[in-house]
Number of protein chains: 2
Amino acid sequence: MTLKTNLRKYRFLKDEMTQKQLADLVKVSRQTIHAIERGKFNPSVRLALLIAQVFQSPVEDIFYLE
Amino acid sequence: MTLKTNLRKYRFLKDEMTQKQLADLVKVSRQTIHAIERGKFNPSVRLALLIAQVFQSPVEDIFYLE
DNA sequence: ACATAAAGTAAATAATAAATGACATAATGT
DNA sequence: ACATTATGTCATTTATTATTTACTTTATGT
């Protein structure tokens, strides 16, 4: 059961938001957003909730298990 | 924006499941479940998704920001 | 009253998320 | 061609999650 994400897709859907813009909104570094997009790690549920809020979508739509 | 949870409520709703049973289902230690219930920490979104699956509920119903 | 299971808690350690700084490459605009 | 912005990537450090062991306290049952 490994974590997958389509954060990248969501980021482009939402006004072509940049990694930096998203990072600023949820108050993490740009590298953190990058690492999450690349599946390098498994963010906290708090961060996932913040990201989901930005995209006004359920956490499950952005992060899922496979 | 701090993380809150009602994992405990969900655990009791679901067949009075014990911390240990839940821990075994999602493959973490009992102390990890305990710490999450007590708001001691902010689990990974992977773990949150596994827990949400157990309760067949959206992550947002079990974990939320306040 | 006693035994047992469940839950609370705490300290030490391991594993991993996240920050920071630095530099390279790709893309976009003028 | 040049400047600028966005993204990729790496190495180091710091913060936090999660494990493990161990012991205490609180139910629950007989």
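Every chain is numbered from 1, with letters handed out A, B, ... down the list of sequences.
Nucleic acid contact class of A/Ser29 (heavy atoms, under 4.0 Å, all strands): base. Among the protein residues, B/Thr32 comes within range of the nucleic acid bases, having at least one heavy atom under 4.0 Å from a base atom. Residue contacts shown for A/Arg11 are limited to sugar-phosphate atoms, with no base heavy atom under 4.0 Å away. Using a 4.0 Å heavy-atom criterion, one finds that B/Arg8 contacts the sugar-phosphate atoms exclusively.
Each of B/Lys20 and B/Asn42 lies near DNA chain C, and the nucleotide nearest B/Lys20 is the one positioned closer to the 5' end.
Atom CD1 in A/Ile33 sits about 13 Å away from atom C1' in D/dT7, given to the nearest Å. The separation between B/Gln21 atom CD and C/dA5 atom P is 13 Å, rounded to whole Å. Atom CZ in A/Phe41 sits roughly 14 Å away from atom C1' in D/dC10 (whole-Å rounding). One atom, CZ of B/Arg38, and another, C1' of D/dT26, lie 13 Å apart when rounded to the nearest Å. Rounded to a whole Å, the CZ atom of A/Phe12 is 12 Å from the P atom of D/dA6. Counting to the nearest Å, the P atom of D/dC10 and the NE2 atom of A/His34 are 10 Å from each other. Going from atom NZ of A/Lys40 over to atom C1' of C/dT16 covers 14 Å, rounded to whole Å. Atom CG of B/Leu50 is separated from atom P of D/dT17 by 17 Å (rounded to the nearest Å).
The phosphate of C/dA17 (OP1 or OP2) has no side-chain N or O of B/Ser44 nearer than 4.0 angstrom. Regarding contacts with the backbone of C/dG8, a side-chain N or O of B/Gln19 is found under 4.0 angstrom from either OP1 or OP2.
Here the closest non-hydrogen pair linking B/Leu3 and B/Pro43 is CD2-CD, 4.0 Å. Among all heavy-atom pairs drawn from A/Ile62 and A/Ala52, the shortest one is CD1-CA, 3.7 Å. When all heavy atoms of B/Phe55 and B/Tyr10 are compared, the closest pair comes out as CE2-O, 3.4 Å. The minimum heavy-atom distance linking B/His34 with B/Gln19 is given by the pair CD2-NE2, 3.6 Å.
Put simply, A/Val26 and B/Leu65 are part of the same group of oily side chains (I, L, V, M, F, W, Y) that touch within less than 4.5 Å, one to the next.
Interface remark: the A/Gln31 side chain does form a donor-acceptor pair with the C/dG21 base, using a distance-only criterion of under 3.5 Å. In this model, no side-chain donor or acceptor of B/Arg30 finds a partner on the base of C/dA6 within 3.5 Å.
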